[in-house]
Amino acid sequence: MKELLLLSLMTLTALTMTHCVKGDDGNGGIPDNHYSVDTATQDEYVDLGLISMTMWKSANEVKAGDSTDGFFTYDEAVAAFGSKLPTMEQFYELMHSCEWVWLSVGCYKIFGPNKNHILLPADGFRDCMGDPYYARSYGFYWSSTPDGPDKAWYLNFYSDEIYMYNYNRCYANSVRLVKNVQEY
């Protein structure tokens, strides 16, 4: 019984820490239309050609010392990343200035005006009790923008809709960092 529980927890952890990336065709080539889910992290920023000159990191953040946890409460995200956390306005620019293409592996491929792109996986979220929900179907990404003492704004998406929503700060969402192209 312990082994089954441990295997279930390991599988659940693996599902919550995903990044969607281009796949390999087996011959060393990477076809544009093939994507898979990978747990590798990348530490680069992508210039999407946005008017604000905001560059978006190519991968989600993970908690220091725990590469299996990529969810942060709002307060954890603000404390850990400060001004690198996108504002609500930066998310609106990403939503309205870019082309969003849903991929069957559970993520959006987002093309900027200059045709560079990032991938945002739909990793779901953890509720205030730490229980995970909606992996591979919904994405939840904290902004730095609070909404009163108990709530904050975040990007929320699934295959058919992309919008901003405000909710309780104790929920744990994904985090994608930004910086200005002049900082690069």
Side-chain angles (χ1 to χ4, degrees), residues 1-24 30 33-44 46 56-78 80-81 84-86 88 91 94-95 98-111 117-144 151-178:
M1 183 66 170
K2 279 186 178 179
E3 292 82 14
L4 181 59
L5 180 59
L6 182 58
L7 179 61
S8 296
L9 287 173
M10 288 173 28
T11 303
L12 181 59
T13 299
L15 287 175
T16 62
M17 284 308 308
T18 59
H19 300 282
C20 45
V21 296
K22 286 184 179 181
D24 190 336
I30 302 175
N33 63 348
H34 182 75
Y35 293 86
S36 62
V37 177
D38 187 13
T39 57
T41 60
Q42 299 170 354
D43 197 28
E44 63 183 53
V46 178
W56 288 81
K57 195 165 183 185
S58 60
N60 292 351
E61 296 304 304
V62 295
K63 287 190 175 173
D66 186 357
S67 63
T68 65
D69 192 356
F71 295 105
F72 299 81
T73 66
Y74 175 77
D75 293 336
E76 289 173 333
V78 169
F81 307 112
K84 293 180 182 178
L85 201 61
M88 188 167 68
F91 273 127
L94 190 71
M95 291 166 57
C98 297
E99 177 187 0
W100 292 57
V101 178
W102 180 255
L103 304 176
S104 61
V105 294
C107 70
Y108 269 105
K109 184 174 184 181
I110 303 167
F111 293 92
H117 72 274
I118 59 172
L119 299 168
L120 280 185
D123 285 342
F125 71 93
R126 290 195 186 151
D127 68 14
C128 296
M129 302 301 293
D131 296 324
Y133 292 92
Y134 302 121
R136 298 276 193 281
S137 56
Y138 285 82
F140 301 83
Y141 287 81
W142 282 123
S143 80
S144 62
K151 294 182 178 182
W153 289 94
Y154 62 88
L155 175 73
N156 185 216
F157 61 78
Y158 60 98
S159 63
D160 293 332
E161 192 170 3
I162 305 156
Y163 55 96
M164 295 297 296
Y165 194 76
N166 62 338
Y167 209 71
N168 195 317
R169 294 179 182 196
C170 69
Y171 274 59
N173 294 340
S174 298
V175 170
R176 183 63 64 97
L177 302 183
V178 296

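- Taking the six-membered ring for Trp and the full ring otherwise, Trp142 and Phe125 have centroids separated by 6.0 Å or more.
- Residues Val101 and His117 form no side-chain contact, since every pair of their non-hydrogen atoms from C-beta on lies 4.5 Å or further apart.
- Taking 4.5 Å as the limit, every side-chain heavy atom of Leu120 sits out of range of all side-chain heavy atoms of Trp56.
- Checked against the 6.0 Å centroid criterion, the rings of Phe140 and Tyr171 do not qualify as a close aromatic pair.
- With Tyr74 contributing its side chain and Ser144 its backbone, the two residues share a donor-acceptor pair below 3.5 Å.
- Tyr141 places none of its side-chain heavy atoms less than 4.5 Å from the side chain of Tyr154.
- Of the inter-residue distances, the one linking Glu161 atom CD with Tyr138 atom OH reads 9.0 Å to the nearest 0.5 angstrom.
- The shortest distance between side-chain heavy atoms of Tyr163 and Tyr158 falls below 4.5 Å.
- Distance check: Cys107 SG to Phe157 CZ gives 8.0 Å after rounding to the nearest 0.5 Å.
- Remark: Ser58 OG to Glu44 CD distance equals 4.0 Å, nearest 0.5 Å.
- Asp131 is not listed as a side-chain neighbour of Arg126, based on a closest heavy-atom distance of 4.5 Å or more.
- Taking CG from Asn156 and CG from Asn166, the interatomic distance works out to 11.0 Å, rounded to the nearest 0.5 Å.
- Enclosure of atom OH in Tyr134 is not indicated, since only 12 or fewer non-hydrogen atoms of other residues, nucleotides or ligands lie within 6.0 angstrom.
- Glu76 has its side chain out of reach of Val175: every pair of non-hydrogen atoms, C-beta onward, lies at least 4.5 Å apart.
- Within the model, atoms CD1 of Ile110 and CG of Leu119 stand 8.0 Å from one another, a figure rounded to the nearest 0.5 Å.
- In this structure, CZ in Arg169 is found 11.5 Å from NZ in Lys151, a value given to the nearest 0.5 Å.
- No side-chain heavy atom of Pro86 sits less than 4.5 Å from a side-chain heavy atom of Lys57.
- Scanning both residues, Met95 and Ile162, for their nearest heavy atoms gives CE-O, 3.6 Å.
- When all heavy atoms of Ser159 and Tyr108 are compared, the closest pair comes out as O-OH, 3.0 Å.
- When all heavy atoms are compared, the tightest approach of Phe72 to Lys63 is CE2-CG, 3.5 Å.
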